[in-house]
Amino acid sequence: MSGRPRSVDVERRNGISLWRQIADRIRLGIANGTLGGDGRLPPEVELAALYGVNRHTVRTAIAALMQEGLLRAEQGRGTFVAKRKKLSFPISSRTRFSAGLQGQVSARRSRLLTHRVEKAPARVSDALGLPAGAEVIRLETLSEADNFPLTRSTAWFDAERFSGFAEAFAELGSITLSYRRYGIEDYLRRSTVISARHADVDDLEDLRLAPGAIVLVAVAINVDLDGRPIQFAETRFAADRVELSIAIDDVVP
């Protein structure tokens, strides 16, 4: 297998199914160019030898990646890397979903999945500057680009200050437009912390991902122009569809 990565051992006792580990390695290989550089995935027998597993395990991993949209099969020709350009989503002091994708997609929309009023978990009350146990509105939302799911977000808002916010968002489909009903014409991103993890059950379903898929996670705090926190949010991006672009010179005072 000249030009391909050397044999890689999988961890057989780490609690993660072998096929998921293989799917992750294939995904990583495609991302870094060590697999599928010519657009075609190596045959199953070569991948099985590379990762030290049987062909059935490789076949299961490939099937999951095909469901995820990363791979496609052509009868009689083999398995190919699906050509899908990643969207670039900017993270800056004025991060907005619709503005961030402008010029990259023809249609964008965000919709409300569920909402409820709950006692703020400690990390939420800390982020929003609220007393321990204060009531907050929790929104679960899904954002789509060209009718394809791109992000799933959980956001919290002060229930006293933003009473009725879920109904406003359900009507307007925009956090920015909803804020205007509360006299907030502009707001800033105070902080964003980015990490990566495997998608959970809800993210798999709503983002149409295969088990083992990776999501980028952005945990953010937004503030009004007086510096008062107005939103704490955790947004999950399908990692194979989006790249996050950080504006390092765009600093909130």
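Just so it is clear, the structure is predicted and the values come from calculations on it, not from any experiment.
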_pair L35-P42: side-chain heavy atoms closer than 4.5 Å_ = yes
_Cluster link I221 to L225, ILVMFWY, side chain under 4.5 Å_ = yes
*Please name the pair of heavy atoms, one in P149 and one in R241, separated by the smallest distance, quoted to 0.1 Å.*
O-NH1, 2.8 Å
*Is R208 close enough and on-axis enough to F148, meaning under 6.0 Å and within 45°, for cation-pi?*
yes
*Start with the C-alpha gap between I246 and T192, add the side-chain angles, then the distance that decides, and say whether side chain to side chain contact (heavy atoms under 4.5 Å, CB included) holds.*
CA-CA 10 Å; I246 311 297; T192 305; 6.0 Å; no
*asked:* Can you give me the closest heavy-atom contact between L41 and I30, atom names plus distance?
replied: CD1-CD1, 4.4 Å
_SB check R180 D186 (cutoff 4.0 Å)_ = no
*asked:* Go through it in stages, so that I can follow the logic: the residues are R27 and D24, the test is salt bridge (charged side-chain N to carboxylate O under 4.0 Å, His left out), and I'd like the CA-CA distance, side-chain angles, deciding distance and then a yes or no.
replied: CA-CA 5 Å; R27 190 185 292 108; D24 283 347; 2.6 Å; yes
Tabulate below the donor-acceptor pairs under 3.5 Å that side-chain atoms of residues 74-81 make, not counting sequence neighbours, or state none.
unit_1	atom_1	unit_2	atom_2	d
E74	OE1	R77	NH1	2.4
E74	OE2	R72	NH1	2.2

*With a 4.5 Å heavy-atom cut-off, do V217 and V215 have their side chains touching?*
yes
*According to the salt bridge (Lys or Arg N to Asp or Glu O under 4.0 Å) rule, which pairs have a member within residues 155-165, sequence neighbours left out?*
R161-D224
*Atom of V242, atom of L216 and distance for their closest heavy-atom approach*: O-CD1, 3.9 Å
*Any side-chain heavy-atom pair from E167 and E171 closer than 4.5 angstrom?*
no
*For the pair S163 (side chain) and A159 (backbone), establish whether a donor and an acceptor sit closer than 3.5 Å, ignoring hydrogens and angles.*
no
*Indicate yes or no for a side-chain donor-acceptor contact from R109 to the backbone of G173 under 3.5 Å, with no hydrogens or angles considered.*
no
*Shortest non-hydrogen contact from S143 to S110?*
OG-OG, 2.7 Å
*Apply the test salt bridge (charged side-chain N to carboxylate O under 4.0 Å, His left out) to residues R108 and E144: give CA-CA distance (whole Å), side-chain angles for both, the deciding distance (0.1 Å), then the verdict.*
CA-CA 6 Å; R108 307 172 300 275; E144 300 171 326; over 6 Å; no
*Does I214 sit in a hydrophobic cluster with other residues, and if so which ones, taking ILVMFWY side chains as linked at heavy-atom separations under 4.5 Å, directly or through other members?*
none
*Option passing side-chain contact (heavy atoms from CB on, under 4.5 Å) with V53 (candidates L47, I22, T60)*: I22
*Supply the atom-to-atom distance Q231 CD to S153 OG, rounded to the nearest 0.5 angstrom.*
7.0 Å
*Quick one: CG on L71 to CE on M66, what's the gap to the nearest 0.5 Å?*
7.5 Å
_Can you confirm whether more than 12 heavy atoms, excluding those of E118, are under 6.0 Å from its CD atom?_
yes
*For the atom pair CZ (R228) and CG (D226), what is the distance rounded to the nearest 0.5 Å?*
9.0 Å
*Find the distance between CD1 (I62) and CG (L70) and round it off to the nearest 0.5 Å.*
11.0 Å
*So how far is it from T34 OG1 to I26 CD1, rounded to the nearest 0.5 Å?*
10.5 Å
_Could you list the cluster mates of L139? Members are the ILVMFWY residues connected by side-chain heavy atoms closer than 4.5 Å, either directly or through other members._
L112, V117, I137, F157, F162, F165, F169, I175, Y179, Y182, I184, Y187, I230
*For E140, which residues count as a side chain to side chain contact (heavy atoms under 4.5 Å, CB included) partner, sequence neighbours excluded?*
L113, T114, R138, R152, T154, R236
*Is any NZ, NE, NH1 or NH2 atom of the basic residue among E234 and R123 found under 4.0 Å from an Asp or Glu carboxylate oxygen of the other?*
yes
_W19 backbone acceptor or donor facing S17 side chain under 3.5 Å_ = no
*Which atom names give the shortest non-hydrogen contact between L209 and A199, and what distance separates them?*
CD1-CB, 4.1 Å
_Under the rule for side chain to side chain contact (heavy atoms under 4.5 Å, CB included), what residues qualify as partners of D146, not counting sequence neighbours?_
V105, S106, A107
*Taking all non-hydrogen atoms of both residues into account, name the closest pair between S191 and R189 and its distance.*
O-CD, 3.2 Å
